[in-house]
Peer 1: 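Mind looking over this structure? Questions follow.
Heads up: numbering here begins at 1 and tracks the sequence.
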Amino acid sequence: MLPPPTTIFPRQPVPSLILPLAGGGEFDLSGMQAESFHLLVYYRGRHCPVCKTQLGALQAQAGAFAERGVTVTAISCDTKDRAESAVADWNLPGLRIAYDLTPEQARQWGLFITATRGKTSLGLDEPALFSEPGLFLIRPDLTLFFSSVQTMPFVRPRAEDMLAAIDYIKKNDYPLRGDVI
């Protein structure tokens, strides 16, 4: 039995996170430096065609995020082989992909967990357990600014919309919202 999802409120510290990276190395959120924000994009995994589209859009906009001082990391419960297969098959050479997220870690981030239903419409096996999508915009001090957590794979924040929001936030010194506990 998994613990219930944790709610992370804006202005509060996000959970620590250390995971391996596809292609080698380690993602350690506490050791990352960002000028403006960290953008963590939790995706369902190699089996998900909607994830392929979302990560492809992030890859295409990688330079635009970097110009705005935003680090981007995509994270899943996938194994090393599945994560590295996604990088190769989805043509994501410039996107940081972390893997081996446990369902318990996903719950610390407030993510919903799904149990496998076998093969997807693409004929790929789903992992036994995997997280549903989530997106977190985190300040350099590792406190939450914005989040979007989903129970289904559909209707995710688009890369272009995130870039426009970041521009608006920076231009207008837009305040945090949703921070009343």
Peer 1: Is a side-chain N or O of E84 found less than 3.5 angstrom from the main chain of A22, in a donor-acceptor match?
Peer 2: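 No.
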Peer 1: Roughly how far, to the nearest 0.5 Å, is the SG atom of C51 from the CG atom of D78?
Peer 2: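 Rounded to the nearest 0.5 Å, the CG-SG separation comes to 8.5 Å.
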Peer 1: Check the pair L40 / L29 against side chain to side chain contact (heavy atoms under 4.5 Å, CB included), numbers first and verdict last.
Peer 2: CA-CA 10 Å; L40 302 188; L29 181 58; 4.1 Å; yes
Peer 1: For a quick test of reading the model, state the closest non-hydrogen atom pair linking S131 to C77 and the distance between them.
Peer 2: N-SG, 3.7 Å
Peer 1: Applying the side-chain hydrogen bond (donor to acceptor under 3.5 Å, both in side chains) criterion to D125, which one of K119, R46, H47 satisfies it?
Peer 2: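 The passing option is K119.
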Peer 1: Regarding D179 and R11, does a basic nitrogen lie under 4.0 Å from an acidic carboxylate oxygen?
Peer 2: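 Yes, D179 and R11 are salt-bridged.
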Peer 1: Show, in sequence, the C-alpha distance, side-chain angles and deciding distance for Q105 and L111, and conclude whether the side chain to side chain contact (heavy atoms under 4.5 Å, CB included) test is met.
Peer 2: CA-CA 9 Å; Q105 287 172 308; L111 300 174; over 6 Å; no
Peer 1: How many angstroms lie between atom CG of L55 and atom CD1 of I97, to the nearest 0.5 angstrom?
Peer 2: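 So the CG of L55 and the CD1 of I97 are separated by 5.0 Å.
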Peer 1: So, does E126 use its side chain to make a donor-acceptor pair with the main chain of R117 at under 3.5 Å?
Peer 2: yes
Peer 1: Return yes when atom CD of Q33 has more than 12 non-hydrogen atoms of other residues, nucleotides or ligands closer than 6.0 Å, and no otherwise.
Peer 2: no
Peer 1: Is there a chain of hydrophobic side chains (I, L, V, M, F, W, Y, each step under 4.5 Å between heavy atoms) that links M32 to L101?
Peer 2: yes
Peer 1: A quick test of your reading: do over 12 heavy atoms of other residues, nucleotides or ligands sit less than 6.0 Å from NZ of K80?
Peer 2: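 No, because the 6.0 Å sphere around NZ of K80 holds 12 heavy atoms or fewer from other groups.
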Peer 1: Going through the checks in order, is the side chain to side chain contact (heavy atoms under 4.5 Å, CB included) test met by V14 and T143?
Peer 2: CA-CA 6 Å; V14 298; T143 58; over 6 Å; no
Peer 1: If you round to the nearest 0.5 Å, how far is NE2 of H38 from CG of L144?
Peer 2: 12.0 Å
Peer 1: Indicate, with yes or no, if the rings of F145 and F136 have centres closer together than 6.0 Å.
Peer 2: no
Peer 1: Please confirm whether the backbone N or O of Y174 pairs with a side-chain atom of N172, one donor and one acceptor, at under 3.5 Å?
Peer 2: no
Peer 1: Which pairs count as side-chain hydrogen bond (donor to acceptor under 3.5 Å, both in side chains) when at least one residue sits in residues 153-167, sequence neighbours excluded?
Peer 2: Q54-R156, R68-D167, R158-D161
Peer 1: A66: what forms a side chain to side chain contact (heavy atoms under 4.5 Å, CB included) with it, not counting sequence neighbours?
Peer 2: none
Peer 1: From S76 OG over to Y42 OH, what is the distance, rounded to the nearest 0.5 angstrom?
Peer 2: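 Going from OG on S76 over to OH on Y42, the span is 11.0 Å.
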Peer 1: Decide, yes or no, whether a salt bridge links E132 with R44 under the criterion of side-chain N to carboxylate O below 4.0 Å.
Peer 2: yes
Peer 1: Which pair of heavy atoms, one from W109 and one from I8, lies closest together, and at what distance?
Peer 2: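 Reported closest heavy-atom pair: CA-CD1, 3.6 Å.
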Peer 1: Apply side chain to side chain contact (heavy atoms under 4.5 Å, CB included) to residues I166 and L39 and explain how you reach the verdict.
Peer 2: CA-CA 11 Å; I166 290 165; L39 178 62; 5.6 Å; no
Peer 1: Between L135 and Y43, is there a shared hydrophobic cluster once you connect ILVMFWY residues whose side-chain heavy atoms come closer than 4.5 Å?
Peer 2: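 Yes, L135 and Y43 fall within the same hydrophobic cluster.
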Peer 1: With a 4.5 Å cut-off on side-chain heavy atoms, are V41 and L58 touching?
Peer 2: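 Of all side-chain heavy-atom pairs linking V41 with L58, at least one is under 4.5 Å.
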Peer 1: What pair of heavy atoms forms the shortest contact from V149 to G110, and how long is it?
Peer 2: CG1-O, 3.2 Å
Peer 1: So F27 and L17, do their side chains get closer than 4.5 Å, heavy atoms only?
Peer 2: yes
Peer 1: Determine yes or no for a side-chain-to-main-chain donor-acceptor pair under 3.5 angstrom, with R107 supplying the side chain and P3 the backbone.
Peer 2: yes
Peer 1: Give a yes or no answer on whether the side chain of R96 reaches the backbone of A74 with a donor-acceptor pair at less than 3.5 Å.
Peer 2: no
Peer 1: If you compare all heavy atoms of L176 against all heavy atoms of P10, which two are closest, and at what distance to 0.1 Å?
Peer 2: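 Scanning both residues completely, I find the closest heavy atoms to be CD2-CB, 3.9 Å.
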